[in-house]
Amino acid sequence: MGAIDIVAKIRDEVKHFSIDKIINDLPKMLKKPCTRLVEEAEKEVFLVGALGVVSGLLPNVIGLYSGKWITPNLYVYVLAGYGGGKGGLDFARKLGEQIHLDKRETAKIQMANYLQEVEAYKKRLKIYNKENSTGEPPTPPTKPPTLMLYIPANNSKSGVYQLLKENEGKGIIFESEGDTLADALKQDYGNFSDTLRKAFHHEYLDLFRRMNDELIEIHHPELSLVLSSTFNQLKILIPSVENGLFSRFLFYELKQNNRFVNVFDDQKKDYQEYFEQAGYSFKQLYNELETSAPVMFWLTDDQKQRFVKLFDEKKAKLIDEVDVTMAGTANRLGIIAFRIMMLFTVLRVYEAGNLTENVHCSDIDFNNAMRIVARLEKHSKTVYEYLHGQPEKKELVISMRRAGASIPDISRALGINRGTVSKWCKNLILNSTGNPSNPI
């Protein structure tokens, strides 16, 4: 089958995929936890959150994208109403819990040793001063870094910079209430949104603290984000689509479940223990990668050709269906898809015992990453319309169309892309006079 035929097959396939198909084709380290969950919404929320978490558990994994070596780090955002059933995110967090606890235990031991060294230093300094020695004074011990995987969102901007610096630029911000991050960081001088935009592309970060006369520099940040909130809380962190932070996230909108879930289901009784154990598997992978040479990820020539063609079509379609501001979203969806392919490939070769310095993407992981991006792209459009104030505009467009205004006239009058106007009006039918009547 030629490359063009395969692209057409993928394009057709993503229109008819299901979450079960996506889960079935996952590497086992993600597939097993997904299938362990009972509710379909739990599975989807868990998988989206797990992509964000696992993207921060793969040190020393790199891939060449647009002439730059990038790592798998992802930004994901789950949107749901209050009490909307985001429990799957808690299980996703468990995948990195053992790594976080191990780092905290190491930091605790280092701090205890440091405090002992401080006491010994004070004694040496006291003797030095008492004897009026002319030699070099004793050297104070260096305070150890605050090691952790999960960087608290309830933090200051300078605090986040400091913790990233002390953890070699790596970390995961995981917060189930997205406005916690926004509220904490907006107190600092400067716009933290700019920091997140730069970190997504591993761009140099720096911050000067006048109080301590200290410059914090992070040369290659590798930050992953997993956030969750309501739509209203989202606007605190991402007030509009224009600032660019919007296009760097994979969004998932959890629909409200009107059915009361069986909270006594026996299939759920071992959830906590199961996901804690799953965390040990990821800890083993993390430890192996952390001490290895860089693992370089590659697509095949055929996959590269398909990738470019698919995203060229996707970009044109997004601009046509929404507007030109979605061009940035299309570009970053490409980076996101590439990073998901990296993530899947490393898990799969590790499971097979074939983790080497060069790993190549399988077609199953290539196609599955494209399915996920296509599925979540629809959620991005929903978020775009919300941030762009589109619900109100949509009502106005439909009212004008019902009043007899043509699509070109509505487009010109409201400054909305003609394709968007057509899409919003597609469920209106014309009556015998040629005017739109009630929606189907």
Side-chain angles (χ1 to χ4, degrees), residues 52-53 55-60 62 68-77 93 96 99-104 106-108 110-111 114 141-229 233-234 236-239 243-249 286 290 332 335 339:
V53 170
S55 76
L57 307 184
L58 304 176
N60 283 327
I62 56 175
K68 181 179 179 179
W69 291 102
I70 66 173
T71 59
N73 301 86
L74 296 167
Y75 293 1
V76 301
Y77 209 124
R93 194 183 195 281
I99 299 168
H100 180 76
L101 293 175
D102 186 61
K103 286 180 177 291
R104 296 305 303 137
T106 299
K108 183 179 178 180
Q110 290 179 350
M111 179 56 72
Y114 167 73
T142 302
K143 187 176 181 181
T146 307
L147 300 177
M148 59 180 59
L149 175 70
Y150 290 117
I151 296 174
N154 190 5
N155 207 333
S156 66
K157 179 178 176 179
S158 59
V160 170
Y161 272 65
Q162 185 66 40
L163 289 174
L164 272 177
K165 174 71 174 179
E166 294 186 21
N167 287 275
E168 300 180 330
K170 300 177 178 67
I172 303 171
I173 295 179
F174 189 109
E175 180 52 60
S176 60
E177 297 297 338
D179 58 340
T180 299
L181 176 64
D183 284 344
L185 298 177
K186 73 183 181 182
Q187 306 303 321
D188 281 279
Y189 176 76
N191 188 348
F192 195 73
S193 172
D194 177 65
T195 297
L196 297 181
R197 295 198 302 271
K198 288 181 178 179
F200 182 83
H201 299 286
H202 316 305
E203 295 175 4
Y204 170 83
L205 300 175
D206 61 348
L207 178 73
F208 183 73
R209 296 197 288 201
R210 287 184 297 175
M211 183 175 294
N212 300 322
D213 196 25
E214 177 187 12
L215 177 65
I216 302 175
E217 296 178 289
I218 305 166
H219 292 277
H220 192 272
E222 297 176 20
L223 178 65
S224 296
L225 260 67
V226 181
L227 304 178
S228 177
S229 75
Q233 292 170 329
L234 167 71
I236 300 173
L237 183 64
I238 309 177
N243 74 355
L245 188 55
F246 160 78
S247 64
R248 288 162 171 83
F249 275 93
Y286 181 90
E290 193 175 35
R332 281 153 197 147
I335 301 175
R339 285 173 165 168

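Because the structure is predicted, anything quoted here is derived from the model rather than measured.
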Test side chain to side chain contact (heavy atoms under 4.5 Å, CB included) on I218 and E203 and set out the steps. CA-CA 9 Å; I218 305 166; E203 295 175 4; over 6 Å; no

More than 12 heavy atoms of other residues, nucleotides or ligands under 6.0 Å from CD of E166: is that the case?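 Enclosed: over 12 neighbouring heavy atoms sit under 6.0 Å from CD of E166.
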
Test side chain to side chain donor-acceptor pair (under 3.5 Å) on N73 and S55 and set out the steps. CA-CA 5 Å; N73 301 86; S55 76; 4.9 Å; no

Just verifying a value: how many Å separate [X] [atom1] and [Y] [atom2], rounded to the nearest 0.5 Å?
| X | Y | atom1 | atom2 | result |
| --- | --- | --- | --- | --- |
| W69 | I62 | CH2 | CD1 | 4.5 Å |
| D206 | K165 | CG | NZ | 10.5 Å |
| E175 | N155 | CD | CG | 11.0 Å |
| Y150 | I172 | OH | CD1 | 5.0 Å |
| Y286 | K103 | OH | NZ | 3.0 Å |
| L207 | L164 | CG | CG | 11.5 Å |

Please evaluate residues H201 and I335 with respect to the criterion side chain to side chain contact (heavy atoms under 4.5 Å, CB included), reporting the C-alpha separation (whole Å), side-chain torsions for both, the decisive distance (0.1 Å), and the verdict. CA-CA 9 Å; H201 299 286; I335 301 175; 3.7 Å; yes

Tell me, do [X] and [Y] make a side-chain contact under 4.5 Å, heavy atoms counted?
| X | Y | result |
| --- | --- | --- |
| L196 | L223 | yes |
| L205 | H220 | no |
| Q110 | P145 | yes |

Nearest non-hydrogen partners of [X] and [Y], listed with the distance:
| X | Y | result |
| --- | --- | --- |
| G52 | S224 | O-CB, 3.5 Å |
| I216 | S158 | CD1-O, 4.3 Å |
| G244 | R332 | O-NH1, 4.1 Å |
| T142 | Y114 | O-CD1, 3.4 Å |
| I151 | G171 | CD1-CA, 4.0 Å |
| N167 | L147 | OD1-CA, 3.3 Å |

Does R339 make a cation-pi contact with F200 (under 6.0 Å, within 45 degrees of the axis)?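 Output yes; distance and angle both within limits.
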
CA sep, side-chain torsions, deciding dist, call: L234, L227, side chain to side chain contact (heavy atoms under 4.5 Å, CB included): CA-CA 9 Å; L234 167 71; L227 304 178; over 6 Å; no

Side chain [X], main chain [Y], donor-acceptor under 3.5 Å:
| X | Y | value |
| --- | --- | --- |
| H202 | T71 | yes |
| H219 | Y204 | no |
| K157 | T195 | no |
| R209 | L215 | no |

When the ring planes of F249 and Y77 are compared, do they come out parallel, tilted or perpendicular, using 30° and 60° as the limits?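 Rings of F249 and Y77: perpendicular, over 60°.
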
E214/Q162 under side chain to side chain contact (heavy atoms under 4.5 Å, CB included): CA gap, chis, key distance, verdict: CA-CA 11 Å; E214 177 187 12; Q162 185 66 40; 3.6 Å; yes

